[in-house]
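The block underneath contains the structure these notes are about, expressed in structure tokens.
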Amino acid sequence: MDLKAQLKAAVERAAADLGAPVDAAIQDTPASKPGDYGTPAAFQMAKALGQNPAQVAAQLAQTVQLPAGIARVEAAGPFLNFFVDVGAFVRGVVETPFALPARPDKIIVEHTSVNPNKELHVGHLRNVVLGDSMARIFRAAGSRVEVQNYIDDTGRQAAEALFAVSHYGRVWDGVQKYDHWLGEGYVRLNADPQKPALEEGISAVMHRLEAGELRSEIEKVVRAHLETCFRLGARYDLLNWESDVVGSGFLSQAMNILEGSRYTSRPQEGKYAGAFVMDVSEFMPGLEEPNVVLVRSGGTAMYAAKDIGYQFWKFGLFEGMKFKPFTQDPEGNTVWTSAPDGEPDLGRRFGHADEVINVIDSRQDHPQTVVRSALGVAGQPEKKERSVHLSYAFVTLEGQTISGRRGIAVSADDAMDEAERRALAVLSQINPDLAARGDAPEIARRIGIGAIRFAMLKSEPTRIVDFRWEQALALQGDTAPYVQYAAVRAANILRKAGEAGHAVDGSGADWAALPDVDLVLAKQVARLPEVVAQSVRIHSPHVVAQYALDLATAFNAWYNARDRSGKPATNVLQSPGGLREARLALVGRVRRAFEETLDLIGIEVPAAM
RNA sequence: GCACUCGUAGCUCAGUUGGAUAGAGCGGCCCCCUCCUAAGGGGCAGGCCACUGGUUCGAAUCCAGUCGAGUGCACCA
């Protein structure tokens with residue numbers, strides 16, 4: 001396929017022949033304009049040629065060689081518009097599966113990385129959904145993808161949560177979800193006026209965590225977190241534990257690398273006397289204070305140094321962690337974990353990325369830039385360029401700032417429960433027969449989870465998301481259920497056609513009988529590969545979500561199209577033979593496009609709605 | 001103070017590497033189920049694309065400045 005690339009080449013060849021080579025942009029013509037694809041290339045050429053753009057466009061129209069599938073070309077003032085051959089185009093769309101060529105690079109996507117002290121809340125949902133979708137999109141774009149989840153098992157939050165268990169003598173009943181139970185103690189501790197007096201005890205727990213003595217306790221939380229994330233549709237290849245990152249000596253290896261750089265130093269005097277500092281001014285211009293302390297004068301490392309070591313490892317600058325299987329995801333794939341008693345990674349299975357995407361809250365912009373700059377300091381400019389911080393704004397809850405510490409949050413589990421409940425309620429209200437079916441809960445699950453995922457990624461990551469029940473769980477408008485409904489409609493047409501004995505694979509199709517209404521729909525399907533390419537380029541899944549809406553809108557508009565007398569214009573089953581088969585093949589392709597698109601953002605199509 | 005992000009319809013947001021008359025959803029008003037699912041479709045109302053200047057044949061988009069909002073700026077983690 002790739003008609004646009006062919007058009008671009010054709011226009012550029014014609015332009016060069018006229019003596020004015022250009023980089024021609026091929027765009028979809030506005031709906032109200034003639035033609036299917038157009039180019040404003042004549043504007044650029046007009047200047048070089050000293051003629052007016054309309055003249056140039058007219059000349060181009062005369063000379064350009066039309067690629068196969070383009071029926072004719074026409075100059076519309078200064079624009080050059082191409083008209084596709086409807087039958088050939090639709091047939092091409094129908095017969096072209098969505099597949100992008102494999103790329104040789106390996107991408108690491110790190111997401112989730114939730115402190116193991118408490119259950120996930122709706123704010124974490126955004127991180128998981130963004131990261132999981134990004135991984136799916138890069139995979140579809142042909143890259144090898146490894147999803148990592150960082151477990152901060154030596155942090156203060158985890159220590160406080162575990163301390164609260166013993167301090168309050170709490171006992172887990174084995175019924176309540178473990179992360180929720182643990183979180184209750186954490187919140188209680190932070191509301192406790194006695195807390196300042198308990199520092200010693202908390203600190204003792206922190207030391208035990210660092211020694212790895214409480215790992216099995218943390219594992220229980222991690223498993224509970226994974227349960228939540230699996231339910232959302234997220235999948236992981238590897239869990240990296242902070243204690244293992246530290247225990248593998250990444251810190252000193254990274255510092256050794258940085259030691260040799262002309263950007264690092266150990267000042268003898270001044271405010272940094274005795275510390276190991278890095279000057280990042282060349283990589284982060286405009287800073288008031290260009291120096292970043294990596295190792296304190298006392299010899300202990302700053303947190304940033306740990307992050308830098310970990311990032312260096314992801315890019316394969318050194319090795320040393322050991323790994324073993326941790327659990328299985330719902331599809332039965334093994335999720336690995338770093339572990340002191342694991343096996344060395346002789347096959348270089350993990351790490352060694354060409355690009356690293358860290359999905360982290362935009363409040364970490366500054367430290368993330370420091371980590372990225374460290375790659376520049378280490379003399380790795382190309383790795384620095386491919387060190388990506390997928391930065392997203394935080395989530396508020398009905399306009400309120402979320403605080404896990406103070407217990408101001410809605411848990412991810414509760415949000416998913418409620419979403420499924422609402423979906424089922426709507427189902428029983430508008431389609432009682434369906435709600436009585438055995439698979440109704442599964443249908444409600446797909447709708448509810450889909451609605452939440454979609455709400456979390458339909459707009460740009462830089463936007464603050466205000467989680468409101470009515471909006472996040474809405475089932476109409478710009479939502480996943482709107483797209484799912486269109487996909488189900490397409491499936492229904494195919495099912496009925498099958499029952500009536502019509503071919504749905506394009507055999508017997510009279511492609512030339514297709515009118516322009518059908519072309520509009522096929523053109524929308526043809527956009528998917530470029531949408532994926534754009535999503536990869538800008539590192540954001542929101543364009544895929546927006547495309548899903550566009551596709552559903554196009555399909556619904558086509559489905560409801562009327563002729564001048566107000567009669568349905570595209571009823572497939574009542575179309576004359578030949579046209580009917582062509583339309584069925586198109587509907588089949590659209591149906592697949594829905595599944596392909598929604599799969600990129602981790603949303604499943606229900607069997608019925 | 002410095003840095004980063006953002007400012008598009010009443011509200012929430014899209015808007016491809018600058019290109020043709022700036023688009024959706026929600027909310028408001030009005031229509032459409034003797035037609036493959038109305039969780040749908042059509043129509044109306046609603047815009048100095050924050051402001052000013054610049055670059056360009058052409059700016060919501062690029063540059064500079066101003067105003068406004070958010071976030072971050074420890075030898076903390």
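Letters A, B, ... are given to chains in the order of the sequence lines, protein chains preceding strands, and every chain is numbered from 1. None of these values were measured; they are calculated from a predicted model.
- Distance from the side chain of A/N560 is smallest for B/G41 among the nucleotides B/A20, B/U37, B/G41.
- Residue-level contact check: A/A273 touches the bases, meaning some heavy atom is under 4.0 Å from a base atom.
- Looking only at distances, a side-chain donor or acceptor of A/T570 sits under 3.5 Å from a matching main-chain atom of A/W558.
- Atom CD of A/E289 has more than 12 neighbouring heavy atoms from other residues, nucleotides or ligands inside a 6.0 Å radius.
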Write down the protein N/O and nucleotide N/O pairs, taken from nucleotides 4-10 of chain B, whose separation is under 3.5 Å; answer none if there are no such pairs.
| from | atom 1 | to | atom 2 | distance (Å) |
| --- | --- | --- | --- | --- |
| B/G7 | OP1 | A/R463 | NH2 | 3.4 |

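- By the 5.5 angstrom centroid cut-off and the 30-degree plane limit, A/Y559 is classified as not stacked against the base of B/G41.
- Between A/R468 and B/C26 there is no side-chain N or O to OP1 or OP2 distance below 4.0 Å.
- Nucleotides B/U16 and B/A59, compared at atom C1', are 15 Å apart to the nearest Å.
- Comparing B/U17, B/C35, B/C13 by their closest approach to the side chain of A/R537 singles out B/U17.
- Using a 4.0 Å heavy-atom cutoff across all strands shown, A/M609 reaches at least one base atom of the nucleic acid.
- When Watson-Crick and G-U wobble pairs are counted only if both distances are under 3.5 Å, B/A39 pairs with no nucleotide at all.
- Residues A/D23 and A/E12 meet the side-chain proximity criterion, which asks for heavy atoms closer than 4.5 Å.
- Counting non-hydrogen atoms under 4.0 angstrom, A/I447 reaches a base of the nucleic acid.
- Side-chain atoms of A/Y547 and A/Q524, non-hydrogen and from C-beta on, do get closer than 4.5 Å to each other.
- Across all strands shown, B/G28 is found opposite B/C44 as a Watson-Crick or G-U wobble partner, with both distances under 3.5 Å.
- Not one side-chain nitrogen or oxygen of A/H542 sits closer than 4.0 Å to the OP1 or OP2 atom of B/U16.
- Of the possible donor and acceptor atoms, none in the side chain of A/S281 sits under 3.5 Å from a partner among the backbone N and O of A/P290.
- Among the heavy atoms of the strands, none lies under 4.0 Å from A/T369.
- Within the model, atoms CE of A/M609 and CG of A/N492 stand 11.0 Å from one another, a figure rounded to the nearest 0.5 Å.
- The side chain of A/R296 contributes an N or O atom lying less than 4.0 Å from OP1 or OP2 of B/A77.
- Listed by residue number, the members of residues 568-583 of chain A with any heavy atom below 4.0 angstrom from RNA chain B are A/P568, A/T570, A/N571, A/V572, A/L573.
- Closest approach to the A/H366 side chain among B/U17, B/G72, B/A20 is made by B/G72 (side chain taken as heavy atoms from C-beta onward).
- With hydrogens and angles ignored, a donor-acceptor pair under 3.5 angstrom links the side chain of A/E288 to the base of B/G1.
- OP1 or OP2 of B/A39 sits under 4.0 Å from a side-chain N or O of A/Y485.
- At the heavy-atom level, A/N81 lies under 4.0 Å from base atoms of the strands shown.
- Counting any heavy atom pair closer than 4.0 Å across all strands shown, A/Y482 reaches sugar-phosphate atoms only and no base atom.
- Remark: B/C33 base-pairs with no nucleotide in the shown strands. Criterion, Watson-Crick or G-U wobble with two distances under 3.5 Å.
- Within 4.0 Å (heavy atoms only), A/V488 reaches at least one base atom of the nucleic acid.
- The pairing partner recorded for B/G1 is B/C73, the criterion being a Watson-Crick or G-U wobble arrangement whose two distances lie under 3.5 angstrom.
- Contact check on A/K523 versus A/D28 returns no salt bridge, with no Lys/Arg side-chain nitrogen under 4.0 Å from an Asp/Glu carboxylate oxygen.
- At a threshold of 4.0 angstrom between heavy atoms, the contacts of A/K271 include nucleobase atoms, whether or not backbone atoms are also involved.
- Among the atoms of the strands shown, base atoms are found under 4.0 Å from some heavy atom of A/Y272.
- Contact check, A/K47 against B/C57: a side-chain N or O comes under 4.0 Å of OP1 or OP2.
- Here, B/C6 and B/G15 have their P atoms 12 Å apart, quoted to the whole Å.
- Here B/C33 is in the syn range [glycosidic angle within 90° of 0].
- Within the structure, ring pair (Phe, Tyr, Trp, His ring centres under 6.0 Å) contacts touching residues 273-303 of chain A (residues at least two apart or in different chains) are A/Y263-A/F283.
- Residue A/L427 is in base contact, counting any heavy-atom pair closer than 4.0 Å across all strands shown.
- With a 6.0 Å cutoff to the six-membered ring centre and a 45° limit on the axis angle, A/R126 does not count as a cation-pi contact of A/Y392.
- Counting any heavy atom pair closer than 4.0 Å across all strands shown, A/K496 reaches sugar-phosphate atoms only and no base atom.
- Across all strands, A/S459 comes closer than 4.0 Å only to sugar-phosphate atoms, never to a base (heavy-atom distances).
- Distances shown here put every side-chain N or O of A/R363 at or beyond 4.0 Å from the OP1 or OP2 atom of B/C73.
- The ring of A/F43 lies on top of the base of B/G19, close enough and flat enough: under 5.5 Å between centres, under 30° between planes.
- Between A/Y37 and the phosphate of B/G19, there is no side-chain N or O to OP1/OP2 separation shorter than 4.0 Å.
- If you check distances only, the side chain of A/N556 never reaches the base of B/A38 with a donor-acceptor pair under 3.5 Å.
- Base pairing analysis places B/G53 opposite B/C63; the two distances defining the Watson-Crick or G-U wobble pair are each below 3.5 Å.
- In this structure, A/F467 and A/W469 have perpendicular ring planes: the angle between them is above 60°, well past the 30° mark.
- Across all strands shown, B/G23 forms a Watson-Crick or G-U wobble pair with B/C13, both key distances being under 3.5 Å.
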